[in-house]
Amino acid sequence: MHRFSGWLLLTGLIVAACAGTNGTDGHSDTPKRHEARIITHFRPGYPVAALARKESARLLLATDIDATGVPTTCRIVSTTNHDFDRSALNWCWQLRYRPATLDGAPTSDPQHILHLNYAISRPAPDFDHP
C-alpha cells in the first residue's frame with residue numbers, strides 16, 4: 001500500500017443483508033438458515049493513482065459463496081468510481097466465509113451483498129505538551 005504523508009487511509013466494510021437468520025418462527029418443520037459470515041479480515045488495496053488524486057469511492061458488490069465458504073462469483077453491482085473496481089474485485093475473491101447453514105448443514109449463499117467504502121481523511125492533529 002502506498003503511504004501518503006499527512007494523510008491516513010481508511011477503508012470501511014459494511015456487510016449488509018448478510019447477518020442474522022431466516023425462517024426461525026419456532027416451528028420444527030421450518031428450515032433454520034444462517035447466512036454466511038466473513039472470517040478473513042483485511043483491507044483492500046487502495047489504488048495508487050486514486051490515492052495520488054485523493055479520490056474516494058463507494059461500491060456495492062455481489063458474490064455467490066459455496067458451501068465451503070469460498071466465493072464462486074464476484075461482481076460489481078454499482079460503483080461511484082471505476083478506478084477502484086479492480087481492487088474491490090481482488091479483495092472480494094480473497095475473502096473467506098463461515099459457510100451459510102440450513103438446518104445446521106453447510107450450504108451455498110447466493111447473492112451475498114457487500115458494501116465497500118474507500119476514503120481518505122486527515123488524522124487528528126498531534127499536540128506538543130510542555
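This chain uses plain numbering: 1 for the first residue, then up along the sequence. Computed from a predicted model, the values in this text were never measured in an experiment. Atom set for the values below is all heavy atoms of this structure, side chains included, hydrogens, waters and symmetry mates excluded.
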Atom CG in Leu61, atom CH2 in Trp93: separation rounded to 0.5 Å? 11.5 Å
Might you point out which heavy atoms bring Val77 and Ala62 nearest each other, and give the distance in Å? CG2-CB, 3.7 Å
Salt bridge check, Arg37 against Glu35: does any charged N sit closer than 4.0 Å to a carboxylate O? no
Between atom CG of Asp83 and atom CG of Leu51, what is the distance when rounded to the nearest 0.5 Å? 12.0 Å
Stepwise side-chain contact (heavy atoms from CB on, under 4.5 Å) test for Ile76 and His82: CA-CA 10 Å; Ile76 305 285; His82 290 290; 6.0 Å; no
Would you kindly confirm whether Phe42 and Val70 end up in one hydrophobic cluster when ILVMFWY residues are joined by side chain heavy atoms under 4.5 Å apart? no
Identify the heavy atoms of Asn81 and Asp85 that sit nearest to each other, and give their distance. O-OD1, 3.6 Å
Answer yes or no: are there more than 12 heavy-atom neighbours, outside Arg96 itself, under 6.0 Å from its atom CZ? yes
Roughly how far apart are Leu59 CG and Ser78 OG, rounded to 0.5 Å? 7.0 Å
Exercise: identify the closest heavy-atom pair between Pro47 and Ser87: CG-CB, 4.2 Å
Enter the distance from Thr107:OG1 to Asp66:CG here, rounded to the nearest 0.5 Å. 10.0 Å
Here the pair of heavy atoms bringing Ile120 nearest to Lys54 is CD1-CA, 3.7 Å
CZ of Arg33 to OG1 of Thr101: how many Å apart, nearest 0.5 Å? 8.0 Å
What orientation do Tyr118 and Phe84 show, parallel under 30°, tilted 30 to 60°, or perpendicular over 60°? tilted
Closest approach of His112 to Tyr97 (non-hydrogen atoms, all atoms of both residues): NE2-CE2, 3.5 Å
Would you mind reporting whether Thr63 and Leu95 have side-chain heavy atoms less than 4.5 Å apart? no
Take Asp109 and Arg98 through the salt bridge (Lys or Arg N to Asp or Glu O under 4.0 Å) test and state the conclusion after the steps. CA-CA 11 Å; Asp109 191 359; Arg98 184 177 71 218; over 6 Å; no
What one should report as the nearest heavy-atom pair of Pro106 and Ala67 is CB-O, 3.4 Å
Could you walk me through whether Gln111 and Asp64 satisfy the side-chain contact (heavy atoms from CB on, under 4.5 Å) test, starting with their C-alpha distance in whole Å, then the side-chain angles of each, then the deciding distance to 0.1 Å, before giving a yes or no? CA-CA 5 Å; Gln111 298 296 313; Asp64 298 326; 3.9 Å; yes
What's the separation between atom CD1 in Ile113 and atom CG in Leu60, rounded to the nearest 0.5 Å? 5.5 Å
